[in-house]
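Working notes, beginning with the structure itself.
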Amino acid sequence: MNSIKACIFDLDGVVVDTAKYHYLAWRRLANELGFEFTEQHNERLKGVSRMRSLEILLEVGGIALPDNEMEKLASKKNAWYVEYIQKMTPSEILPGAKELLEELRCNGIKLSLGSASKNSPLILERIGLKNHFDAIVDGNSVTIAKPAPDIFLTAAKKLGVEPEDCVVFEDAEAGIEAAINAKMRTVGIGNPQILNRADVVMPNLKDFTYSKLIEIFKK
Ligand code: BG6
Ligand code: MG
């Protein structure tokens, strides 16, 4: 008997490739502060909250600042980021994501977003996927960041399902850790070497289907 009742999707890197916009905005900030910020540095920011991302960026630049200055820089970066995401269209939904959400829903699987981003509502609206989820849990409702399990546990609660009946789709190491901490099953999206703690890793959602989900997670 299949026990999977719900799927929880991270947003950035799973449903849309917003990492490139985060990178553009963080790099612009670093350049303004007088140092280079490479794509490799940017890898460290995936799945990490806005303030923690800024701490890592300042660490790279060897800069220490008081909290009020950090708040100002985080807002500045976010304003630039919002400029980019405001222009997003449904064409930026990653391959297979929309089809999978629709197929899962048709098969009675409950769906939630589980993202650290405070910009999730704007992104979902821009790409037209707001109504594809039964629950939306993001950085506005849960501020305790991944790898803490809070975002995913809140999603399970909102959907009315037990954590062990949930599968989390995540592209970040911190996100896989968060799902494991929540005692949920995991599908890593991306590099199997980085996501080696996931139950299974796929390059993207393109060929993922309801029957694959059931096959992988049958007891
Ligand atoms: C995560 C991203 O989904 O959201 C991180 O992977 C980002 O890179 C975090 O820092 C917070 O996003 P936002 O939009 O609230 O700054
Ligand atoms: Mg992500």
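The first residue of the sequence shown is numbered 1, and numbering continues consecutively from there. We count ligands from 1, going down the list as the structure has it; atoms in each ligand are counted the same way.
Here the heavy atom of the protein found nearest to atom 8 (O) of ligand 1 is L45 O, 3.1 Å. Protein heavy atom in closest approach to atom 16 (O) of ligand 1: R50 NE, 2.8 Å. Taking atom 1 (C) of ligand 1 as the reference point, the nearest protein heavy-atom neighbour is D12 OD2, 3.3 Å.
Taking distance alone, with nitrogen or oxygen atoms compared against 3.5 Å, D10 stays at or beyond that limit from ligand 1. Geometrically, ligand 1 and K77 share no nitrogen or oxygen pair separated by less than 3.5 Å.
Heavy-atom separations between G47 and ligand 1 include at least one value shorter than 4.0 Å. In this structure, V48 has a heavy atom closer than 4.0 Å to ligand 1. A heavy-atom separation below 4.0 Å is not found between G139 and ligand 1.
Neither F152 nor V14 shares a network with the other; the hydrophobic side chains, linked directly or stepwise wherever heavy atoms of I, L, V, M, F, W or Y lie under 4.5 Å apart, form separate groups for each. Under the 4.5 Å side-chain contact rule for hydrophobic residues, L159 and L101 do not share a cluster. Hydrophobic clustering of Ile, Leu, Val, Met, Phe, Trp and Tyr side chains at less than 4.5 Å, counting indirect connections, unites L122 with L24.
Using a 4.0 Å cut-off to heavy atoms of S53, the atoms of ligand 1 that qualify are 10 (O). Near N119, the atoms of ligand 1 lying under 4.0 angstrom from a non-hydrogen atom of the residue are 13 (P), 14 (O).
Taking 4.0 Å as the cut-off between side-chain N and carboxylate O, K212 and D207 do not count as a salt-bridged pair.
Looking at K46 and H22, their side chains never bring a donor and an acceptor atom within 3.5 Å of each other. At a cut-off of 3.5 Å, with distance as the only test, a side-chain donor of N119 or N78 sits close to an acceptor on the other residue. There is a side-chain donor-acceptor pair under 3.5 Å between T18 and D12.
Taking the six-membered ring where the residue is Trp, Y21 and Y84 present parallel rings, their angle staying beneath 30° rather than reaching 60°.
A salt bridge (charged side-chain N to carboxylate O under 4.0 Å, His left out) with R44 is found for exactly one of E55, E59, E39, namely E59.
Counting heavy atoms closer than 4.0 Å to ligand 1, residue K118 contributes atoms from both its backbone and its side chain. Contacts between S117 and ligand 1 below 4.0 angstrom, taking non-hydrogen atoms only, involve backbone and side chain alike.
No side-chain heavy atom of M184 sits less than 4.5 Å from a side-chain heavy atom of E164. F169 is not listed as a side-chain neighbour of D10, based on a closest heavy-atom distance of 4.5 Å or more.
Around the Mg ion (ligand 2), the protein N, O or S atoms closer than 2.8 Å are D10 OD2, D12 O, D171 OD1, listed by chain and residue number.
F133 does not carry K130 over the face of its six-membered ring by the limits of under 6.0 Å from the centre and within 45° of the normal.
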